[in-house]
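See structure below.
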2 protein chains.
Amino acid sequence: MSFNLDQFLPYRLSVAASQVSRRFAARYETEAGLTIPEWRVLAHLNKSGPVSVRDINARVNLDKSMVSRAAMRLEQAGYLRKSTHDTDLRLVVLELTENGRELMKRLGVIAEAFQEELLAELGGDAPILRRALEAMIRQTE
Amino acid sequence: MSFNLDQFLPYRLSVAASQVSRRFAARYETEAGLTIPEWRVLAHLNKSGPVSVRDINARVNLDKSMVSRAAMRLEQAGYLRKSTHDTDLRLVVLELTENGRELMKRLGVIAEAFQEELLAELGGDAPILRRALEAMIRQTE
DNA sequence: AAAATACCGTTGCGATTGCAACGATGTCAA
DNA sequence: TTGACATCGTTGCAATCGCAACGGTATTTT
């Protein structure tokens, strides 16, 4: 019996992830032409409040160079503001502007709606899926 | 209640997929320094026998340019052979060499072992995870 | 049979990515 | 206190990616 790629879990996982990402990107594309890193930074800031690049890097699975560049673009677009930390001058504090919070409010609605669609497609398997994903993520943290 | 990225399914799916891919890549890195596209082409050819670039492109979720370049590198490394189709001259037929089959035999063992690890970590959730992944993939095909 | 159309694989190109190096700042230890 | 080391964010760079265009071949249409 030779190896069968079609039933190989890492492969199926990767295919599913990229297709779901693609579907979702098509949704928020119409609302605002954000890249995935930009979307993640925006979404994280919306929840966390003002934090450093390093903070986001650690929590959002993005290389710090990507966080830095995404933050630059979001700043130029007027969605976030940069400032230096009060006591630690190495830190750059990122914070959403009013425009950023407003955009995120609209994107949040789209995201929730998309997730509802997914959950409906998955039916009762959804909670187990979640648990399985978390188990796989935990394994490397 | 504001949107929470940490519980957003597409995001968790993406994180899980990239971490699992990373873990797996570290395993076969020591056996042969293949990229992900190269690995996929190799694995598919091992199962399918001789097929065209287009065939792989359609089945393995890789752009045809990536299949083409991966095939070029695998050919240079001596793992596959290219030839033209008997009747349709547009088609390039890809086929593993003896070296390629031999490499794939070793990689198959590594892949199976890794998957066993994953399945053990997941326990009884594994079959449901599989079903959920397939459901999400199906939705876009 | 000729012309228009479709398909195949390769290549070029701009954009994105991950890694490593760097300057600047902070912390710790002697 | 000062020197060694760690951490932060940015930048440079090489590698990779996805898309589109291209030349070549096949198929369909008229």
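All values below come from the heavy atoms of this structure, side chains included, with hydrogens, waters and symmetry mates left out. Sequence lines set the chain letters: A, B, ... in the order given, protein chains first and strands last, and positions in each chain run from 1.
Applying the 4.0 Å criterion to OP1 and OP2 of dA21(C), one finds that Lys64(A) has every side-chain N and O outside that range. When the side-chain nitrogen and oxygen atoms of Arg54(A) are compared with OP1 and OP2 of dC8(D), one or more of them lie within a distance under 4.0 Å. When the side-chain nitrogen and oxygen atoms of Ser68(B) are compared with OP1 and OP2 of dG9(C), none of them lie within a distance under 4.0 Å. Here Lys82(A) does not reach the OP1 or OP2 of dC8(D): none of its side-chain N or O atoms lies under 4.0 Å away. Here Ser52(A) reaches the OP1 or OP2 of dG9(D): one of its side-chain N or O atoms lies under 4.0 Å away.
Taking for each of Asp88(B) and Leu89(A) the nucleotide of DNA chain C with the nearest heavy atom, the 5'-most of the two is the partner of Asp88(B). In this structure, Arg90(A) and Leu62(B) both approach DNA chain D, and ranking their closest nucleotides by distance from the 5' end singles out Arg90(A). Take the nearest nucleotide of DNA chain D for Leu91(A) and for Asp63(A): the residue whose nucleotide is more 5' is Leu91(A). The residue among Asp55(B) and Arg69(B) whose nearest nucleotide of DNA chain C is located toward the 5' end is Asp55(B).
The shortest distance between side-chain heavy atoms of Val51(B) and Val93(B) does not fall below 4.5 Å. Residues Pro50(B) and Leu94(B) form no side-chain contact, since every pair of their non-hydrogen atoms from C-beta on lies 4.5 Å or further apart.
Ser65(B) comes within 4.0 angstrom of a base, heavy atoms only. Residue contacts for Thr87(B): at a heavy-atom cut-off of 4.0 Å it reaches the sugar-phosphate backbone alone, with no base atom in range.
Rounded to whole Å, atom C1' of dG12(D) lies 13 Å from atom CE of Met72(A). His85(A) places its NE2 atom 11 Å from the P atom of dG26(C), with the value rounded to the nearest Å. For the pair Glu29(B) CD and dC19(C) P, the interatomic distance rounds to 12 Å; values are reported in whole Å. When the C1' atom of dT11(D) is taken as reference, atom CE of Met66(A) falls 15 Å away, rounded to whole Å. dT16(C) atom C1' lies 14 Å from atom CZ of Arg22(A), rounded to whole Å. Regarding Arg73(A), its CZ atom lies at a distance of 14 Å from the C1' atom of dT11(D), rounded to whole Å. Atom pair Asn57(A):CG and dC19(C):C1' shows a separation of 13 Å (rounding to whole Å applied).
What you find for Tyr11(B) and Leu5(B) is that their closest heavy atoms are CD2-O, 3.2 Å.
When atom types are taken as modelled, the side chain of Arg130(A) and the backbone of Gln7(B) share a donor-acceptor pair closer than 3.5 angstrom.
At a threshold of 4.0 Å, the pair Lys105(B)-Glu102(B) does not count as salt-bridged, since none of the basic side-chain nitrogens sits closer than that to a carboxylate oxygen.
Checking dC17(D), dT16(D), dG9(C) against every side-chain atom of Thr35(B), the shortest atom distance belongs to dT16(D).
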